[in-house]
Amino acid sequence: MRSIETELKARVIAIIDELYGIRLDHVTVEIPPRPAFGDIALPIAFELAKQLKQSTGEKQVPRRLAETIASRLGQLEGISRIDVAGPGYINVFLDRPRYLRALLEPVVPPQPSQDKLIVEHTSVNPNKAAHIGHLRNAVLGDTLVRLLRALGQKVEVQNYIDNTGVQVADVVVGFKYLEKKSLDEIQRITGKFDDYCWDLYARVTEWYDQNPDNLAYRRQTLQEIEIEDHPTARMADYISMRVLNHHLDTMDRLGIRYDVLPRESDILHCRFWDRAFEILKQAGVIVYETKGRNKGCWVMRANAGDRQTSSTSSEDEYSEDKILVRSDGTVNYTGKDIAYHLWKLGKLGIDFNYKPFRSYPDRHQTWITTAEASEATRITRPIFGFGSAYLNVIGSEQTYPQKVVKQAIAAVAPDVNIERCVHVAYEKVALSPRACMELGIELKPEERERQQISMSGRRGLGVKADELIDKLEQRALEEVRSRHPDLQEPAQREIAHLIAVGALRYFLLKYTRTSVITFDFDDALSFDGETGPYIQYAIVRAQSIFRKLDASGIRRGHLAEISDDRLTTLLSGESGDDLWSLIYLAGRLDDTVRQASENLEPALLAKYTFQLAQRFNLFYHHYHILREPDEARRTLLITVTEVVERQLRRALDLMGIGVPEKM
RNA sequence: GCUCCCGUAGCUCAGUUGGAUAGAGCGACAGCCUCCUAAGCUGUAGGUCGCAGGUUCGAAUCCUGCCGGGAGCGCCA
């Protein structure tokens with residue numbers, strides 16, 4: 001498996017060093033396009049020919065080099081044969097019985113890491129219901145967390161709560177000045193509060209548009225929100241916490257949870273910025289402008305943190321410089337974010353207080369920050385922050401501010417491994433014109449022509465997360481009812497729920513991060529083709545086979561009783577090759593997981609899993625296990641089914657997708 | 001104006017980091033349920049990989065320029 005690949009690479013490097021005196025630091029390994037070309041291909045001869053020509057000027061034939069290297073590779077454990085093909089590929093054929101037996105070994109979880117990675121995701125403004133774009137963020141983040149943890153990385157999941165920003169302020173303005181409601185009256189609002197705020201938020205935006213003077217209420221509200229115990233702050237706190245609870249409910253439906261919820265209000269009240277300000281000033285990262293257009297502001301130079309002198313100055317008016325403190329002395333969002341990130345990495349020197357916020361049935365506990373040191377903060381709790389690095393799942397439109405934060409960290413905390421601190425940027429979810437029509441949204445004339453329409457919380461334009469999940473569950477339930485009318489209602493609902501989650505999470509993961517998802521109801525609500533339910537169905541079919549086998553009294557899991565010779569025969573020839581390609585694909589899960597994690601790209605895992613399910617369905621139609629007369633062959637077919645079923649289940653689990661018993 | 005992302009089949013997207021004959025799904029058309037669940041399978045049609053150069057044994061992938069779409073570059077968050 002992986003060890004064979006590593007072994008191969010090492011051998012090739014050693015041989016090339018010995019024969020040609022060239023030390024390669026990287027050997028490309030690929031999967032040949034056709035099984036006839038073997039299981040692992042090394043195009044190393046081409047690279048070597050190039051390097052030899054460069055160093056000696058002598059032209060070498062790649063094919064000849066490949067033959068030389070291949071002959072020196074000799075016998076290797078787990079490899080049955082090595083060929084040289086085409087213009088100079090070294091093709092490696094694996095020992096099939098050995099590989100299959102290795103796949104049956106139990107999965108050993110890796111040693112957990114000492115260091116902790118802080119993963120921030122979701123971070124939805126707590127002023128309205130979550131929409132499909134927020135789900136993309138949360139599902140991406142949650143899946144990355146699962147991948148990293150599976151590889152042994154210790155992870156802390158943070159969901160940042162911006163409860164003092166413009167968005168919350170706008171909803172407060174809506175309640176206070178548009179609806180003229182008191183806190184008491186707000187508390188008496190029944191029904192889905194986040195939906196209520198969704199509509200109100202859109203109305204406030206309209207109200208501002210109608211009369212820009214109304215923006216004065218926003219400015220005033222923003223100031224009052226920051227004052228501890230001010231009535232406006234209390235109202236904002238009530239609203240944002242009630243909406244936050246809805247968000248956590250929504251995310252819980254998809255199996256997404258958090259360790260800690262840092263609140264912006266607590267960053268203010270704990271005076272994080274004051275400390276960060278001192279650190280930045282001391283490091284000389286920010287300077288006070290006494291002239292120019294940024295006069296009176298504290299700014300970070302564009303080249304801060306670079307060791308080189310900034311001699312190549314600058315007739316271009318410091319256009320790259322970033323303001324952190326306004327001329328009125330207040331800090332902006334990026335400044336607060338720098339303070340927050342210094343805290344994440346344990347570099348701020350002060351901490352929040354914490355209290356329990358939500359407990360889950362499996363005893364998982366989510367904590368929230370608080371400013372006051374009360375009784376609750378003395379409860380034993382995990383240590384938050386002090387990460388060795390951070391991963392921020394944040395939309396790609398925030399690339400610039402994220403770069404600034406990273407730059408500031410690099411400048412003031414040189415001991416931080418800044419390479420591991422990454423902004424996991426992803427593109428947004430836009431709406432297809434058809435989806436807009438189905439939502440009953442009036443489009444502006446210039447929008448009608450577009451291929452896609454951006455969602456806008458301000459305009460109340462978007463697909464609400466809960467409504468979409470409801471729709472998916474409803475659709476799945478109808479399907480389950482017609483297929484399994486004999487099942488009890490709760491059982492049917494449980495299946496429908498798993499299918500809905502599978503459909504939604506897979507839908508959001510199958511696109512690569514850099515691709516804009518053009519949301520369409522037909523695509524998102526589909527259970528056919530490249531979808532989560534397709535994969536779940538493949539597993540359900542495998543389970544069904546197991547049930548039938550058990551009922552017929554046919555033993556499972558005794559491949560060990562079949563000799564290597566017999567297995568070699570069974571795995572050769574046309575149908576043997578066919579079975580082998582499925583086994584080999586199933587074995588590549590771990591490699592795919594590693595790759596998806598290295599690239600921070602869950603889509604790689606999603607695509608792989610679908611491909612494996614597809615190949616299994618093919619197998620399912622080609623081979624009828626229950627009717628297989630040859631016992632050894634039947635045992636092999638059963639084993640293949642078991643291996644594939646296990647890998648598919650593991651892969652789905654990493655994507656946060658469960659599997660029903662039947663569907 | 002500058003920076004970043006995207007452009008591949010009618011539509012939505014992959015493409016193993018430069019490799020062998022460019023792949024899926026949806027949609028269309030034609031088939032497959034006495035047979036482990038048809039949420040499945042088989043077949044057909046569908047491509048100048050935006051355009052033009054360059055780099056080399058080899059380019060959808062890398063470099064340059066252009067065209068088209070999106071985002072960012074605020075004393076907003």
Side-chain angles (χ1 to χ4, degrees), chain A residues 28-34 37 41 43 46-47 49-50 53 59 61-62 85-89 125 162 164-167 169 222 264 293-299 316 319-320 322-328 330 332-334 336-337 395-401 403 425 427-428 430 432 450-452 454 476 479-480 483-484 499 503 510-518 520 522-523 526-531 533-538 540-549 552 588 591-592 595 599 603-604 606-608 610-611 614 617-618 620-627 641 662-663:
Chain A
T28 310
V29 165
E30 48 186 73
I31 309 297
R34 276 183 291 166
F37 292 150
F46 305 113
E47 174 66 22
K50 190 186 283 180
K53 194 180 157 194
K59 230 177 171 177
V61 183
Y89 289 97
N125 274 302
D162 182 3
T164 59
V166 170
Q167 298 212 21
L222 267 171
E264 183 155 283
R293 66 171 190 192
N294 291 341
K295 186 179 174 187
C297 300
W298 286 86
V299 305
D316 52 4
S319 58
E320 295 283 303
K322 178 68 187 169
I323 291 167
L324 300 181
V325 180
R326 306 175 187 115
S327 55
D328 66 1
T330 57
N332 68 9
Y333 180 79
T334 308
K336 282 181 257 185
D337 219 18
S396 55
E397 75 279 359
Q398 291 206 47
T399 301
Y400 175 66
K403 208 178 114 189
E427 276 296 341
K428 61 187 174 186
S432 70
R450 300 244 187 106
Q451 292 295 302
Q452 47 188 232
S454 290
E479 199 67 35
V480 173
R483 286 162 191 254
H484 304 286
I499 292 170
K510 73 173 173 181
Y511 300 91
T512 50
R513 285 190 280 119
T514 53
S515 161
V516 176
I517 297 179
T518 308
D520 189 89
D522 284 350
D523 292 343
S526 170
F527 299 149
D528 301 330
E530 197 197 339
T531 65
Y534 176 99
I535 302 165
Q536 292 170 316
Y537 189 64
V540 164
R541 279 176 146 177
Q543 289 175 153
S544 181
I545 293 173
F546 298 150
R547 265 200 306 273
K548 287 265 158 80
L549 288 170
S552 320
R588 282 173 53 201
D591 210 43
T592 308
Q595 217 178 345
N599 295 314
L604 290 172
K607 292 281 173 187
Y608 163 83
F610 173 67
Q611 200 192 339
Q614 216 176 12
N617 271 331
L618 223 75
Y620 180 89
H621 280 272
H622 278 6
Y623 306 93
H624 202 286
I625 295 176
L626 283 165
R627 281 191 307 195
T641 308
K662 31 172 112 168
M663 64 185 276

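Every chain is numbered from 1 and lettered A, B, ... according to where its sequence line falls, protein lines coming before strand lines.
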Go through the steps for A:Gln452 and A:Val516 under the test side-chain contact (heavy atoms from CB on, under 4.5 Å), then give the verdict. CA-CA 9 Å; A:Gln452 47 188 232; A:Val516 176; 3.7 Å; yes

Between the base of B:C36 and the ring of A:His624 - centre-to-centre under 5.5 Å, planes within under 30° - is that a stack? yes

How many angstroms lie between atom CD1 of A:Ile535 and atom CD of A:Gln611, to the nearest 0.5 angstrom? 11.0 Å

Between B:C6 atom P and A:Lys428 atom NZ, what is the distance in whole Å? 15 Å

What distance separates A:Tyr333 OH from A:Leu324 CG, expressed to the nearest 0.5 Å? 13.5 Å

I'd like the C1' distance from B:C13 over to B:G65, given in whole Å. 28 Å

For A:Lys336, which contact category applies under a 4.0 Å heavy-atom criterion: base, sugar-phosphate, or nothing? nothing

Is it the case that B:A39 (base atoms only) and A:Arg483 (side chain only) share a donor and an acceptor within less than 3.5 Å, ignoring hydrogens and angles? yes

Distance between C1' atoms of B:U21 and B:G15 (Å, rounded): 15 Å

Report which part of the nucleic acid A:Phe37 touches: base, sugar-phosphate, or nothing (heavy-atom distance under 4.0 Å, all strands). base

With rounding to the nearest 0.5 Å, note down the distance linking NZ in A:Lys662 to NE2 in A:His484. 6.5 Å

From the candidates B:G72, B:A20, B:A39, the one with an atom nearest any side-chain atom of A:Pro533 is B:A39

Taking only residues two or more places apart in sequence, or in another chain, which ones meet A:Gln536 in a side chain to side chain donor-acceptor pair (under 3.5 Å)? none

What integer number of Å spans the P atoms of B:A9 and B:U61? 15 Å

On a whole-Å scale, what distance lies between the C1' atoms belonging to B:A22 and B:G46? 14 Å

Whichever of A:Pro62 and A:Val480 has its nearest RNA chain B nucleotide further upstream toward 5': A:Val480

For A:Phe37, the ring-ring contact (aromatic ring centres under 6.0 Å, His included) test, sequence neighbours excluded, returns none

Hunt down any stem RNA chain B takes part in, defined as 3 or more consecutive Watson-Crick or G-U pairs whose two distances are each under 3.5 Å. B:1-7 with B:67-73, B:10-13 with B:23-26, B:28-32 with B:40-44, B:50-54 with B:62-66

Using atom CD of A:Glu397 as one end and atom C1' of B:G74 as the other, report the distance to the nearest whole Å. 15 Å

When we call it a touch if two heavy atoms are under 4.0 Å apart, what does A:Ala41 touch: a base, just sugar-phosphate, or nothing? base

Each nucleotide in nucleotides 14-19 of chain B should get exactly one letter: B, S or -. Can you fill that in based on protein heavy atoms under 4.0 Å? S-BB-B

Roughly how far apart, to the nearest Å, are B:C66 and B:A20 at atom P? 31 Å

Checking A:Thr334 now: which residues fulfil side chain to side chain donor-acceptor pair (under 3.5 Å) with it, not counting sequence neighbours? none

Sugar-phosphate only, base, or nothing, as touched by A:Tyr608 at under 4.0 Å among non-hydrogen atoms: nothing

Taking any heavy-atom pair under 4.0 Å as a contact, classify A:Val540: base, sugar-phosphate, or nothing. base

In whole angstroms, how far is the P atom of B:G72 from the CD atom of A:Gln398? 10 Å

Distance in angstrom units between A:Tyr400 OH and B:C73 P, rounded: 8 Å

Which whole number of Å gives the distance between the P atom of B:C49 and that of B:A59? 12 Å

Syn/anti state for B:U12 [syn: chi within 90° of 0]: anti

Does a side-chain N or O of A:Arg627 approach OP1 or OP2 of B:C36 to a distance below 4.0 Å, or not? no

List the steps and the verdict of side-chain contact (heavy atoms from CB on, under 4.5 Å) for A:Lys50 and A:Phe46. CA-CA 6 Å; A:Lys50 190 186 283 180; A:Phe46 305 113; over 6 Å; no

If we take the C1' atom in both B:U48 and B:A52, what is their distance in whole Å? 13 Å

Assign each of A:Lys662 and A:Arg34 the nucleotide of RNA chain B bearing its closest heavy atom; nearer the 5' end lies the nucleotide of A:Arg34

Taking only the side-chain heavy atoms of A:Ile545 (C-beta and beyond), determine which of B:U12, B:C36, B:G70 contains the nearest atom. B:C36

Integer-rounded Å distance: B:C35 P and A:Ile625 CD1: 17 Å

From CD of A:Gln452 across to P of B:C5 the rounded distance in Å is 18 Å

Within a strict 4.5 Å, meaning less than it, do heavy atoms of the A:Met663 and A:Glu479 side chains meet? no

Is the base of B:C29 syn or anti, where syn means the angle lies within 90° of 0? anti

Please work out if A:Asp522 contacts a base, only the sugar-phosphate, or nothing of the nucleic acid, heavy-atom cut-off 4.0 Å. nothing

Base, sugar-phosphate or nothing for A:Thr518? Non-hydrogen atoms, less than 4.0 Å. sugar-phosphate

Contact list (N/O, under 3.5 angstrom) for nucleotides 40-44 of chain B vs protein:
{"unit_1": "B:G40", "atom_1": "OP1", "unit_2": "A:Gly529", "atom_2": "N", "d": "3.1"}
{"unit_1": "B:G40", "atom_1": "O3'", "unit_2": "A:Asn617", "atom_2": "ND2", "d": "3.4"}
{"unit_1": "B:G40", "atom_1": "O2'", "unit_2": "A:Arg541", "atom_2": "NH1", "d": "2.7"}
{"unit_1": "B:G40", "atom_1": "O2'", "unit_2": "A:Arg541", "atom_2": "NH2", "d": "3.2"}
{"unit_1": "B:G40", "atom_1": "O2'", "unit_2": "A:His621", "atom_2": "NE2", "d": "2.7"}
{"unit_1": "B:C41", "atom_1": "OP1", "unit_2": "A:Tyr534", "atom_2": "OH", "d": "2.5"}
{"unit_1": "B:C41", "atom_1": "O4'", "unit_2": "A:His621", "atom_2": "NE2", "d": "3.1"}

pair A:Leu626-A:Ile545: side-chain heavy atoms closer than 4.5 Å: no

Taking CD from A:Glu479 and P from B:A38, how many angstroms apart are they, rounded to a whole number? 13 Å

What's the spacing between A:Ile625 CD1 and A:Thr641 OG1 if we round to 0.5 Å? 3.0 Å

Separation of the C1' atoms in B:C75 and B:U16, to the nearest angstrom: 48 Å

Rounded at 0.5 Å granularity, tell me how far NZ in A:Lys336 sits from CG in A:Asp162. 7.0 Å

Nearest-Å distance for atom pair CG/P, residues A:Asn294 and B:C73: 15 Å

Once rounded to the nearest 0.5 Å, what's the spacing between atom CG of A:Asp523 and atom CD1 of A:Ile517? 10.5 Å

I want to verify a distance call: between B:A71, B:G25, B:C5, whose nearest atom is closest to the A:Glu427 side chain? B:C5

Taking the side chain as every heavy atom from C-beta outward, state whether A:Asn617 and A:Arg541 have any pair of such atoms under 4.5 Å apart. yes

Taking every heavy atom of A:Tyr534 against every heavy atom of A:Gly529, the minimum-distance pair comes out as CB-O, 3.1 Å

